[in-house]
Structure formats: structure tokens, C-alpha cells
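Here the structure comes first, spelled out in C-alpha cells, and everything after it is commentary.
Note that the structure is predicted; figures quoted are calculated from it, not measured.
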Amino acid sequence: MNKLDYMIFYDKVGALNGWDFSTLKVATEGEKWDFYKEVTDRCEKSDLLLDIGTGGGEMLLSITDSALLLVGIDHSKDRIQTANANLQKSNKANARFLLMDAENLEFPPSFFNVVSCRHSNFYAEEIAKVLVKDGMFLTQQISDNDKLNIKEAFGRGQQFGSDEGLWKEKYLEELAQAGFSDIQHVEYDATEYYKSYEDLIFLLKHTPIVPDFGQSEHDFDILQKFIEENQTGQGIRTNSKRFMIIAKK
């Protein structure tokens with residue numbers, strides 16, 4: 001999927017479910033970190049924080065005590081509408097949500113102390129532009145071999161067939177070229193258990209893991225076989241592979 005395909009996909013999903021994954025029943029074993037805890041550990045109460053690809057804003061709203069001002073941006077109108085609705089319900093006074101593309105961050109230079117980005121595209125030069133000197137950037141991204149057994153079953157999938165570590169190396173190189181120093185990276189490959197057939201279908205219909213999932217009836221035959229082969233007492237087994245990069249400007 002190219003950039004335009006992703007934007008169309010996410011706008012469509014946002015209109016369908018408002019980016020509400022709260023009903024999804026899934027258990028994970030082997031996670032090595034909590035991304036937003038890593039973010040808050042690097043925040044001071046006086047800091048300004050930018051969250052790129054903020055989605056419905058739920059995670060940002062859960063950490064408002066960690067900074068003076070928190071700004072979440074997203075390129076999807078539906079996700080920002082959801083985020084602002086969640087903001088209104090939360091009564092949080094120090095959070096803002098804006099419709100904005102990560103490729104063009106419309107903020108003053110050296111404005112933010114911390115920038116975070118979870119499972120969304122980012123542009124190292126743009127982040128370097130809006131970060132203060134010694135500011136911190138943290139990103140968690142989906143690794144190439146995430147949900148590998150699902151992609152193998154369907155013979156297609158997000159980043160399926162690409163060399164493992166390709167995206168991580170690309171991001172590391174871009175950050176170094178943008179002038180970041182002390183660039184660290186870690187990764188994990190955890191096990192996920194989806195409780196039911198319906199939970200797995202929800203995941204596949206509302207994420208780009210398997211492109212165009214459900215448009216062919218054959219997809220459901222493949223899924224049924226996959227479930228039979230990966231059903232455990234804890235649920236339907238797959239993997240969650242992530243990497244995190246922490247860089248100082």
C-alpha cells in the first residue's frame with residue numbers, strides 16, 4: 001500500500017468504527033515495555049509534548065499529568081473528530097488535537113521538548129525542526145515480521161516478504177542524517193492470543209495487516225483453517241513484533 005492507499009484506508013476505518021478498539025479481546029505475553037510509560041519517563045511537568053499519529057487520542061489523554069501541554073496530530077479527519085470528542089468527555093484542559101500531516105509539522109522551530117510517534121509514519125527532518133536542543137524523540141513501530149503466521153497463511157500482508165529490519169534501519173539512518181545523537185533501539189517479539197473468531201476478524205477488517213481482507217469469500221476459508229491450526233487454550237495465537245527507537249536531538 002502506498003501513502004494514498006493508507007490514507008484512504010484509515011479514513012474509511014475511522015468512519016466505520018471511530019477508531020474504537022476498546023472491545024477487542026486480546027492477551028499479550030512477552031512485551032518488554034509500555035511505550036507511553038517510556039514517553040512519560042522522559043517528560044518534565046513543564047514540557048510540551050507532541051504525539052504524531054495520535055488516532056482517537058485515548059493514549060495521549062491518559063498521560064496528561066506528565067506535561068504542561070500535550071498536542072496530538074493526525075492526518076485523518078475522523079480520528080481527530082474522535083480525539084476531540086474524547087477530549088470533551090475527559091475535561092482535560094492541557095491537551096489539544098489538530099488535523100495535520102506529519103510530513104509538514106506546522107509549529108514554530110524548537111517548540112516541543114518531547115515528540116512521540118506510535119505505529120505511524122514520521123519524518124526525521126520535520127521532528128528535528130520542532131524539537132528543542134537536547135529534546136527527545138521516541139517511536140514504536142510495527143516490525144516487518146509482525147503477525148507473520150497470518151501473512152504466511154494468506155500469502156500476502158503488510159510488509160510481507162520484505163527483509164526483516166528494513167524499516168528499522170531506514171528510520172535509524174534518517175534520524176542520524178537529521179542530526180539526532182545517542183540513537184538507541186530495542187525490539188521484542190511477543191505472543192498474542194485473540195479470544196474469538198470475531199476478535200480476529202475485527203482486527204483484520206480494521207487494520208492493513210492483510211490488504212483487502214474479506215473482499216474474497218476465499219479469505220474466510222483461509223481464516224478458518226488458520227484458526228483451526230492456531231487455536232490454543234488461551235485463544236487464537238499470532239505474534240506482535242515491535243521495535244522502539246529513542247533519539248536525542
Side-chain angles (χ1 to χ4, degrees), residues 10 14 19-22 31-142 171-172 174-176 178-186 242-249:
Y10 283 117
W19 287 96
D20 182 6
F21 286 78
S22 62
E31 288 180 313
K32 291 185 178 178
W33 62 79
D34 177 327
F35 178 68
Y36 282 98
K37 183 179 186 306
E38 296 291 333
V39 173
T40 58
D41 284 349
R42 289 161 176 82
C43 283
E44 301 289 342
K45 295 286 187 181
S46 58
D47 281 351
L48 275 61
L49 166 66
L50 173 64
D51 189 46
I52 295 172
T54 200
E58 296 89 351
M59 294 309 301
L60 195 66
L61 289 171
S62 73
I63 61 169
T64 51
D65 291 342
S66 65
L68 179 67
L69 175 67
L70 303 90
V71 180
I73 66 164
D74 208 291
H75 62 67
S76 166
K77 291 180 182 178
D78 290 298
R79 280 186 275 183
I80 289 300
Q81 286 177 357
T82 299
N84 279 315
N86 288 333
L87 174 60
Q88 189 171 10
K89 292 175 190 174
S90 73
N91 293 318
K92 303 287 187 180
N94 64 331
R96 302 288 185 275
F97 294 105
L98 304 172
L99 181 65
M100 190 180 297
D101 197 313
E103 198 169 2
N104 182 26
L105 298 179
E106 302 174 48
F107 299 104
S110 303
F111 191 70
F112 292 100
N113 305 94
V114 179
V115 176
S116 61
C117 176
R118 181 178 178 270
H119 302 173
S120 186
N121 288 333
F122 68 86
Y123 298 85
E125 292 284 354
E126 287 295 300
I127 293 167
K129 181 181 73 177
V130 301
L131 260 180
V132 301
K133 187 180 184 306
D134 296 327
M136 299 297 297
F137 171 60
L138 301 91
T139 184
Q140 176 177 297
Q141 298 289 336
I142 298 170
Y171 287 139
L172 290 171
E174 289 176 355
L175 287 164
F180 284 85
S181 62
D182 191 19
I183 304 171
Q184 304 173 33
H185 58 93
V186 290
R242 304 286 186 264
F243 66 87
M244 179 172 62
I245 299 173
I246 302 173
K248 184 178 180 181
K249 181 181 172 183

Atom of Ser120, atom of Gly53 and distance for their closest heavy-atom approach: OG-CA, 3.6 Å

Is any side-chain heavy atom of Thr82 closer than 4.5 Å to a side-chain heavy atom of Phe97? no

dist Phe122:CZ -> Glu103:CD (nearest 0.5 Å) comes out at 13.0 Å

Determine, step by step, whether Leu48 and Val71 satisfy the side-chain contact (heavy atoms from CB on, under 4.5 Å) criterion, reporting the C-alpha distance in whole Å, the side-chain angles of both residues, the deciding distance to 0.1 Å, and the verdict. CA-CA 8 Å; Leu48 275 61; Val71 180; over 6 Å; no

Testing the basics here: between Ala95 and Leu61, what is the closest heavy-atom pair and its distance to 0.1 Å? CB-CD2, 4.0 Å

Residue set satisfying salt bridge (Lys or Arg N to Asp or Glu O under 4.0 Å) with Asp65, at least two apart, ordered chain then number -> none

Heavy atoms, side chains only, cut-off 4.5 Å: are Asp51 and Tyr36 in contact? yes

Quick check against the 3.5 Å criterion: does Asp74 have a side-chain atom that pairs as donor or acceptor with the backbone of Gly55? yes

Other residues, nucleotides, ligands: >12 heavy atoms within 6.0 Å of Lys129 NZ: yes

Okay, side chain of Glu174, backbone of Ala124: is any donor-acceptor separation there less than 3.5 Å? no

Taking C-beta and beyond as the side chain, do Leu68 and Lys45 meet within less than 4.5 Å on heavy atoms? no

Quick one, Leu50 with Leu105, criterion side-chain contact (heavy atoms from CB on, under 4.5 Å). Give me CA distance, side-chain angles, the key distance, then yes/no. CA-CA 10 Å; Leu50 173 64; Leu105 298 179; 4.2 Å; yes

Is there side-chain contact between Leu172 and His185, with heavy atoms separated by less than 4.5 Å? yes

Inter-residue atom distance His75.NE2 - Leu98.CG, 0.5 Å rounding: 15.0 Å

Salt bridge or not for Glu38 and Arg42, using N-O below 4.0 Å? yes

Determine whether Thr54 and Arg79 satisfy the following criterion, side-chain contact (heavy atoms from CB on, under 4.5 Å), listing intermediate values before the conclusion. CA-CA 8 Å; Thr54 200; Arg79 280 186 275 183; over 6 Å; no

Between Trp33 and Gln140, is any pair of side-chain heavy atoms under 4.5 Å apart? yes

Contacts of Glu44 meeting salt bridge (Lys or Arg N to Asp or Glu O under 4.0 Å) (sequence neighbours excluded), chain-then-number -> none

Just wondering, do Ile63 and Leu70 contact through their side chains at under 4.5 Å, heavy atoms? yes

Specify the closest pair of heavy atoms between Leu60 and Gly72, including all atoms of both residues, with the distance to one decimal. CD2-N, 3.6 Å

Closer than 3.5 angstrom, by distance alone: can the side chain of Asn94 be matched with the main-chain N or O of Thr64 as a donor-acceptor pair? yes

Heavy-atom closest pair, residues Leu87 and Lys92: CD1-O, 3.4 Å

Side chain proximity check, Arg242 to His119, heavy atoms < 4.5 angstrom: yes

Closest approach of Lys249 and Ser110, non-hydrogen atoms and distance? NZ-OG, 4.1 Å

Please state whether the rings of Phe112 and Phe107 are parallel, tilted or perpendicular, taking 30° and 60° as the class boundaries. perpendicular

Taking all non-hydrogen atoms of both residues, which atom of Ala102 and which atom of Ile52 are closest, and how far apart? CB-CG2, 3.7 Å

Going from CD on Glu126 to CD on Glu106, what distance comes out if it is rounded to the nearest 0.5 angstrom? 9.5 Å

Between CG of Asp47 and OG1 of Thr40, what distance do you get to the nearest 0.5 Å? 11.5 Å

Side-chain donor-acceptor contacts of residues 131-139 below 3.5 Å, not counting sequence neighbours, with atom names and distances?
from: Thr139; atom 1: OG1; to: Cys117; atom 2: O; distance (Å): 2.8
from: Thr139; atom 1: OG1; to: Gln141; atom 2: NE2; distance (Å): 2.8

Side-chain contact test, heavy atoms from C-beta onward, threshold under 4.5 Å: evaluate it for Leu175 versus Ile127 and give yes or no. no

With no hydrogens and no angle check, is any side-chain donor or acceptor of Asn86 less than 3.5 Å from a backbone partner on Gly56? yes

